[in-house]
Amino acid sequence: MTELERPSDAAAPPRRWIAHLDMDAFYASVELLRYPELKGQPVVIGGRRMHAPRTLEDGSRQYARLRDYTGRGVVTTSTYAARALGVYSAMGLMKAGLLAPDAILLPTDFDSYRHYSRLFKAAVAEIAPVIEDRGIDEIYIDLSAVPGVHEPVGHDPLGGVRAVAREIKNSVSRATGLSCSIGITPNKLLSKIASDLDKPDGLTVLTEEDIPTRIWPLPVRRINGIGPKAAAKLETLGIQTIAELAAAAPAMLIERFGRSYGAWLHEAAHGRDERPVVTHSEPVSISRETTFERDLHARHDRELLGRIFTELCEQLAADLQRKGYLGRTVGIKLRFEGFRTVTRDQTLALPIQDAAAIRQAAGQCLKRVDLSQRLRLLGVRMASLSRPGEAPPPPARIARPAQARLENLSLF
DNA sequence: TCTGGGGTCCTAGGACCC
DNA sequence: TCTGGGGTCCTAGGACCC
């Protein structure tokens, strides 16, 4: 008889066990499966094409080195050996090249990562099917209904949870040859933090009682949702650790960060989070964007920009059609030299899907931007998505056409 | 040697409607 | 010649995440 079935426990709410599973250095680890001789070496994944390994006549492979890279790429992932040299995700490859010139550079191969992503998720689903996708290399899993998870093992009241976690890790390893780290706690917020406490190949189970000793000493930045801006602002208030955030007066946090975010900061610091594991969600928007090798000028590089713009619209249209969506809101994104970013969008009366119509609407948006500065990025986005054959959108009040800039009329 | 590409959610002002 | 209140949609920007 499980504890849940005992009449005396009928009033007690069943304990939630939520896991966060994070694949260890995922892209890099997939590459090591293909190039095992690189194990233990500093390896960096990133950039665009051009630097794939070449196999020589004697069968040995020749790899690109970080020092040879020129361009605007960033580090997507690095092996633990590369991280030891200070090379982390999102760092510019040129900058990384200064820190680790001899590190091996491999191009990203998303098809391969997606393949292993499907494999590991399927392996988890065989044991625990309530899974929330959080991207290519991580998931949340609701273990609450997994058989045996609430059972103690020997003198360990958490033995059942640990056993299920080990089963999941073994299953992932068998299916992919890759390791992962798992955090298990009563909610998503804590599990996300916990999965990071013992990387790589980690397993951390925490209950509410562990919050003061295991969570509070950590920097606030470890909370998913506190980014660089919020952390910097908290620091000016003398708050660096989660303990200090937990001790801060909620009224003060609300005054400084607003009603919603301030209240959430307080709850998060106390480890409170009731969000469910969401097994299905529909996309809100679909987009395509590209950063140019060199900054382009709307007038000077008009033809090239026009071709890139058309191509982005075609790729976006293909994505929409492949995924089975139409959209009513077409938007553009521009990033200028100096990194200033601007967006414009326009909501149409009826949803569209084809490249020409997207190009037409996006072109209208483009005319509303001052294009005297050079551009480093151009993007096209579709939102207000619907399925073909779905009931038409509610009677749309279409905003008056936004004002185009006269000086742009001839450009797009 | 700066800073990819794909997303989500929130805020805030103005339009517009009842 | 002065002036409501609430609700929803649209748009732009920004923080944040993987």
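The structure presented is a predicted model; accordingly, all values stated were derived computationally and were not measured.
Applying the side chain to side chain contact (heavy atoms under 4.5 Å, CB included) test between I139(A) and each of R134(A), K121(A), E132(A) identifies K121(A) as the sole match.
Within the 4.0 angstrom heavy-atom criterion, no nucleotide atom of any strand lies near R67(A). Looking at heavy-atom distances under 4.0 Å, T290(A) makes contact with sugar-phosphate atoms alone, never a base. Counting non-hydrogen atoms under 4.0 angstrom, K333(A) reaches nothing in the nucleic acid. Among the atoms of the strands shown, only primed sugar atoms or phosphate atoms (P, OP1, OP2) are found under 4.0 Å from some heavy atom of K229(A). S260(A) comes within 4.0 angstrom of the backbone, heavy atoms only, and of no base. Counting any heavy atom pair closer than 4.0 Å across all strands shown, L99(A) reaches no nucleic acid atom. K323(A) comes within 4.0 angstrom of sugar-phosphate atoms only, judged by non-hydrogen atoms across all strands, and of no base.
Checking the phosphate oxygens (OP1, OP2) of dG13(C), a side-chain nitrogen or oxygen of T343(A) falls inside 4.0 Å. Residue R335(A) has no polar side-chain atom (N or O) positioned under 4.0 Å from OP1 or OP2 of dG5(B). Proximity of R344(A) to the phosphate of dA12(C): a side-chain N or O atom is located under 4.0 Å from OP1 or OP2. Of the side-chain N and O atoms in R381(A), none sit less than 4.0 angstrom from OP1 or OP2 of dG7(B). Checking the phosphate oxygens (OP1, OP2) of dG4(B), no side-chain nitrogen or oxygen of R288(A) falls inside 4.0 Å.
A cation-pi arrangement, defined by a distance under 6.0 Å to the six-membered ring centre and an angle within 45 degrees of its axis, is absent between R294(A) and F292(A). Figure legend: R359(A) and F309(A) shown without cation-pi pairing, the cationic atom not lying both under 6.0 angstrom from the six-membered ring centre and within 45 degrees of its axis.
Look at Y261(A) and the base of dC10(B); the rings do not stack under the cut-offs of 5.5 Å between centres and 30° between planes.
Each of dC10(C), dT3(B), dC16(C) was ranked by its minimum atom distance to the side chain of T347(A); first place goes to dC10(C). Here the side chain of R72(A) is nearest to one of dG7(B), dG4(B), dA12(C), namely dG4(B). Taking every side-chain heavy atom of V284(A) into account, dT8(B) is the closest of dT8(B), dA15(C), dG4(B). Which of dT11(C), dA15(C), dG7(B) sits closest to the side chain of S285(A) comes down to dG7(B). Of the candidate nucleotides dC18(C), dG6(B), dT8(B), dT8(B) has the atom nearest to the side chain of P283(A). With dT11(C), dC17(C), dG4(B) as the candidates, the nucleotide lying closest to the side chain of D345(A) is dT11(C). Out of dA12(C), dG4(B), dC16(C), the shortest distance to the side chain of V74(A) is found at dG4(B).
Using cut-offs of 30° and 60° on the angle between ring planes, the pair Y63(A) and Y35(A) is perpendicular.
Distance CD1 (I332(A)) to P (dG13(C)): 10 Å, rounded to an integer number of Å. When the C1' atom of dC9(B) is taken as reference, atom CG of L265(A) falls 15 Å away, rounded to whole Å. One can place CD of Q364(A) at 16 Å from C1' of dT11(C), the figure rounded to the nearest angstrom. One atom, CG of L378(A), and another, P of dG5(B), lie 11 Å apart when rounded to the nearest Å. If you take CZ of F120(A) and C1' of dC18(C), they are 12 Å apart, rounded to a whole angstrom. Here the P atom of nucleotide dA12(C) and the CZ atom of R368(A) are 5 Å apart, to the nearest Å. Between the P atom of dC18(C) and the CG atom of N224(A) lies a distance of 5 Å, rounded to the nearest Å. One atom, CZ of F336(A), and another, C1' of dA12(C), lie 14 Å apart when rounded to the nearest Å.
A salt bridge does not link E293(A) to R72(A): none of the charged side-chain nitrogens sits closer than 4.0 Å to a carboxylate oxygen. With respect to R374(A) and D301(A), no salt bridge is recorded, no charged nitrogen being found less than 4.0 Å from a carboxylate O. Salt bridge status for D111(A) with R114(A): present, with a side-chain N to carboxylate O gap under 4.0 Å.
Side-chain contact annotation: S144(A) with R16(A), donor-acceptor N/O pair under 3.5 Å absent.
Residue-to-nucleotide proximity on DNA chain B shows that, of L98(A) and T76(A), the 5′-proximal contact is made by L98(A).
Comparing the P positions of dT3(B) and dC18(C) gives a spacing of 23 Å, expressed to the nearest Å.
Stem regions for DNA chain B, each three or more consecutive Watson-Crick or G-U pairs with both distances under 3.5 Å and listed by first number, read B:5-18 with C:5-18.
Taking the six-membered ring for Trp and the full ring otherwise, the centers of F26(A) and Y116(A) sit at least 6.0 Å from each other.
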